[in-house]
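Below is one structure, written out as structure tokens; the observations come after it.
Atom set for the values below is all heavy atoms of this structure, side chains included, hydrogens, waters and symmetry mates excluded. To find a chain, count down the sequence lines: A is the first, B the second, and so on, and within it residues start at 1. Here the structure is a predicted model, which is why all the values come from computation and not from measurement.
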There are 2 protein chains.
Amino acid sequence: MPKFKLDETDHKILDLLIDNTRIPFTDIAKKLEISAGTIHVRVKKMEEAGIITGSSLQVDYKKLGYSFIAYVGVFIFKTSQTQFVLERISEIPFVTVAHVTTGKFNIFCKIRARDTAHAKDIIYQIDDIEGVSRTETMISMEESINDKKRLLHSIFNEI
Amino acid sequence: MPKFKLDETDHKILDLLIDNTRIPFTDIAKKLEISAGTIHVRVKKMEEAGIITGSSLQVDYKKLGYSFIAYVGVFIFKTSQTQFVLERISEIPFVTVAHVTTGKFNIFCKIRARDTAHAKDIIYQIDDIEGVSRTETMISMEESINDKKRLLHSIFNEI
DNA sequence: GGTGAAAGCACCGAGTT
DNA sequence: AACTCGGTGCTTTCACC
């Protein structure tokens, strides 16, 4: 995997697109004082290189009635069952991400639910998977801002 | 907070936009067999209602050299210091999200780093915050697919 | 709430420097 | 690599259903 080299201009383009994918290329062109055609070529190159993998809509799940977030640590009887359990967990609706981890838990996942009752259903589904010995739940009471732009800046400042 | 009522058409529009914000409204219009103007109006309404809060680019951080993900559980001496610590943690570069949680940890965060050495630096920064007693790190060895589209489907199937 | 048409822009590839 | 330019197609508005 050859590392793709991004320059200052690419950084600026990503910076403008990261939290607004629908900004017109002509606007970016004006801000960076280069032509819109160039923006187009550079974005295409970053897409081809796999740096840009897509775009997604930010949806306020709270407004849809899903304001409950919890992290669930999962303990497994035998580590050989890890892959199997990971796959089963990933299939459960409202599990938004799952990781195989070192440390305390074997698997670690995040769930998004309507309320505690709904969360209980989801956690019970995890508990019921063959190979799972028990789970430990951490309920999120407050989430701090999750800012993609800041992560990107941190990365660009380092490179 | 009056709950905004989405109908089947809104669901379909969100479904098409959730993992491709740049799909032309004219394409959506063809698929749903309604006019592009209507798509425009509905998207605008969902934006005004705060259901759609924005759009973001999906970037492959691995390709940029940042393939290390870990979750860090944080223990705090006195719970009254929680807010202070949360704010300090949120300011640390490469911390991508932080939660105040019930359960084992007081605060729980996710970090994205270049490698273990880099992660160590980040975790030391967390440990150094006034009020933090100790931290517990879980390194992600494998991440399962994180699919926004699936979450949205689960939600729409319930409503 | 939806339509369809029209004006204004944006996209994006080709050809040039 | 970057620019310009033009055809094509998208967005957005508005008068009308």
Under 3.5 Å, sequence neighbours excluded: what are the donor-acceptor pairs made by side chains of residues 71-84 of chain B?
{"unit_1": "Tyr71(B)", "atom_1": "OH", "unit_2": "His99(A)", "atom_2": "NE2", "d": "2.9"}
{"unit_1": "Gln81(B)", "atom_1": "OE1", "unit_2": "Lys78(B)", "atom_2": "N", "d": "3.1"}
{"unit_1": "Thr82(B)", "atom_1": "OG1", "unit_2": "Thr79(B)", "atom_2": "O", "d": "2.5"}
{"unit_1": "Gln83(B)", "atom_1": "NE2", "unit_2": "Glu142(A)", "atom_2": "OE2", "d": "3.0"}

Of all residues at least two apart in sequence or in a different chain, which pass the side-chain hydrogen bond (donor to acceptor under 3.5 Å, both in side chains) check with [X]?
X        : value
His40(A) : none
Lys44(B) : none
Asn20(A) : none
Thr21(A) : Thr21(B), Ser55(B)

task = Mark yes or no for whether Arg88(B), through its side chain, and Glu130(B), through its backbone, hold a donor-acceptor pair below 3.5 Å.
result =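 Flag not set: sc Arg88(B) to bb Glu130(B) has no pair under 3.5 Å.
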inquiry  = Taking ring-ring contact (aromatic ring centres under 6.0 Å, His included) as the definition, give me every residue that meets it alongside Phe94(B), ordered by chain and number, with sequence neighbours left out.
reply    =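 For Phe94(B), the residues satisfying ring-ring contact (aromatic ring centres under 6.0 Å, His included) (neighbours in sequence not counted) are Tyr66(B), His118(B).
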DNA chain C stem ranges, 3 or more consecutive Watson-Crick or G-U pairs under 3.5 angstrom = C:1-17 with D:1-17
query = Mind checking which nucleotides bracket the chain B contacts on DNA chain C, 5' to 3', with an atom under 4.0 Å from a heavy atom?
reply =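 That gives a stretch of dG1(C) to dC11(C).
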All pairs passing salt bridge (charged side-chain N to carboxylate O under 4.0 Å, His left out) where residues 92-113 of chain B contributes a residue, at least two apart = Lys104(B)-Glu136(B)
ask   = Other than Phe68(B), what residues sit in its cluster of Ile, Leu, Val, Met, Phe, Trp and Tyr side chains whose heavy atoms are under 4.5 Å apart, directly or through others?
value =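 Joined to Phe68(B), directly or through intermediates: Ile139(B).
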Sugar-phosphate or base contact per nucleotide [nucleotides 1-17 of chain D; S, B, -; heavy atom under 4.0 Å] = SSSB-----SBBB----
Side chain to side chain donor-acceptor pair (under 3.5 Å) pairs, two or more places apart, involving residues 28-37 of chain A =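 Output for this query lists Ser35(A)-Thr38(A).
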